[in-house]
Amino acid sequence: MHEKLTAESPISTSAPATTVRWRIVALLMAAAFLCLFNRMSFTVAGAEQLMKEFDLSTLQMGRVYSSYLFIYALAMIPGGWLIDRYGAKFALAAMGVGAGVCVMLTGVVGLLALPAMVMTSLMVIRGLTGLFSVPMFPASARTISAWLPPNNRALANGLVTAAALLGAAGTFYIFGALMDRFGWKQAFMISGLITLTVTAAWIFYARSSPAEHRGVNAAELRLIASHSDSGWAPNSIVTQPPTSPPRWHLLLFNRSLMLLTVSYGLAGYVQYVFFHWTQYYFSEVLKVGPKESRFYAMLPNVAMAVGMFAGGWIADDLCRRIGPRWGRAGMAVAGLLAGAAFLYCGMIAENPNWIVTWFSLGLGAVGMAEGPYWVTAIELGGRQGGASGAIFNTGGNLGGMIAPVATAWLSEHYDWDVALWATSLACIAAAILWMFIQPGEQTRSLSANAGASG
């Protein structure tokens, strides 16, 4: 019979710590890859085949695209409540099943729907896909806080968000190849089946906490539970559910969480400018060829993924050396300021090869702040880490919703130099806000309350 482990369980000196925690991170990375892959695949299919096949205008297709992000942003805070109420494992399982079915239904629409009903059907399905995708990043960050020791959390969060960016970057070629080989309808069904397969692996292998997993030995449990350095958020704070009914609205009065949310919204503005407009900028403004513009659009995404991994690793190392307060803030500020400088260099460059080089360096530098952002957001929420992550991610999505429209307006009324200037200024503003954020503000008060009530 499996014996439930605790942090005080005796550790055999001959048994090294198991590595189940990193397998959990690997599953989260696979889920994040597929989440962004499924999100971007519809854009690829729309541009190459859907609009032509069903005679959809750019405005109609834009409404279908917006249905995903609108529902995604609208449901973010309720999704955080779901994570805190039922656990991150349940939320991610529901996400995977729901998203996998919706992706398959996208292909079914192409096979069965009447032409007059295609747009309405696609809007409903894309909205539902956005709804099911809500828990991805808040639940992942909360899972990491439960499964990883404090000095590995920024790295793990960086790996998950990096996997998501790789999913977005690889969509153009991977989903394009599936469409070329099987057709767009069958490509969506294949993607949905893969998503359901990864979700099944998560359901059968993952557990809500390390102590519940049969593969975790006492040495790994003690390693995960360690929080000896001053300033770390104890695992008990971020993994245990609230002892009283969740009051997530009180998080709106947490000064550090609100500053972090605004800062992430500014960083999100920068990221979404390049998500939506890089290919257009190279193809229509700089007049490079279609193949080159597709390749140039991919490079900043790959660079950002590398930056997320590197930034998480460096932030964890800095936390061990100088403490979590300045370890995380230092990495975030350095990345954002470097991003502002690199993006400015890209704006004044003239050769497309140099422009994409500077843009890639800039997005890679901005990506280095991603791990510190997410681990700080979850720890600020304490036992309501799901809700705090959802509030924080809402800020990032609001910045993302503003970015495409604001960039188009600036480029039309001024020029593209002004639109790109805005990204550098957003990076600088996001970095300044980090100077006023106290990563342990909320968790310290929760710890005190827990001690008083115990």
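Here Arg320 does not pair with Asp316 in a salt bridge; the nearest charged N to carboxylate O distance is not below 4.0 Å. For the pair Arg142 and Glu379, the salt-bridge criterion is not met [side-chain N within less than 4.0 Å of a carboxylate O].
Checking Ser133 against Tyr68 by side-chain atom types alone, a donor-acceptor pair falls below 3.5 Å.
With sequence neighbours excluded, the residues forming a side chain to side chain contact (heavy atoms under 4.5 Å, CB included) with Leu74 are Phe70, listed by chain and number. Partners of Thr129 by side chain to side chain donor-acceptor pair (under 3.5 Å), not counting sequence neighbours: none found. Every side chain to side chain donor-acceptor pair (under 3.5 Å) that Tyr264 has, sequence neighbours left out, goes to Glu370, Trp374. Judged as a salt bridge (Lys or Arg N to Asp or Glu O under 4.0 Å), and not counting sequence neighbours, Asp180 has no contacts. Residues satisfying the side chain to side chain contact (heavy atoms under 4.5 Å, CB included) test with Ala94, not counting sequence neighbours, are none.
With a 4.5 Å cut-off on side-chain heavy atoms, Leu82 and Pro78 do not count as touching. With contacts defined as side-chain heavy-atom distances shorter than 4.5 Å, the pair Leu131/Tyr72 does not qualify.
Although no hydrogens or angles enter the test, the distance criterion places no donor-acceptor pair under 3.5 Å between the side chain of His213 and the main chain of Arg21. At distances below 3.5 Å, at least one donor-acceptor pair connects side-chain atoms of Thr18 with backbone N or O atoms of Asn217.
Every pair passing side-chain hydrogen bond (donor to acceptor under 3.5 Å, both in side chains) that includes a residue from residues 27-40 is listed here, sequence neighbours excluded: Asn38-Thr195, Arg39-Tyr272.
When each of Tyr296, Phe274, Phe342 is checked for a ring pair (Phe, Tyr, Trp, His ring centres under 6.0 Å) with Phe359, only Phe274 meets the rule.
Enclosure of atom CH2 in Trp313 is not indicated, since only 12 or fewer non-hydrogen atoms of other residues, nucleotides or ligands lie within 6.0 angstrom.
Note that the CZ atom of Arg153 and the OG1 atom of Thr376 stand 11.0 Å from one another [nearest 0.5 Å].
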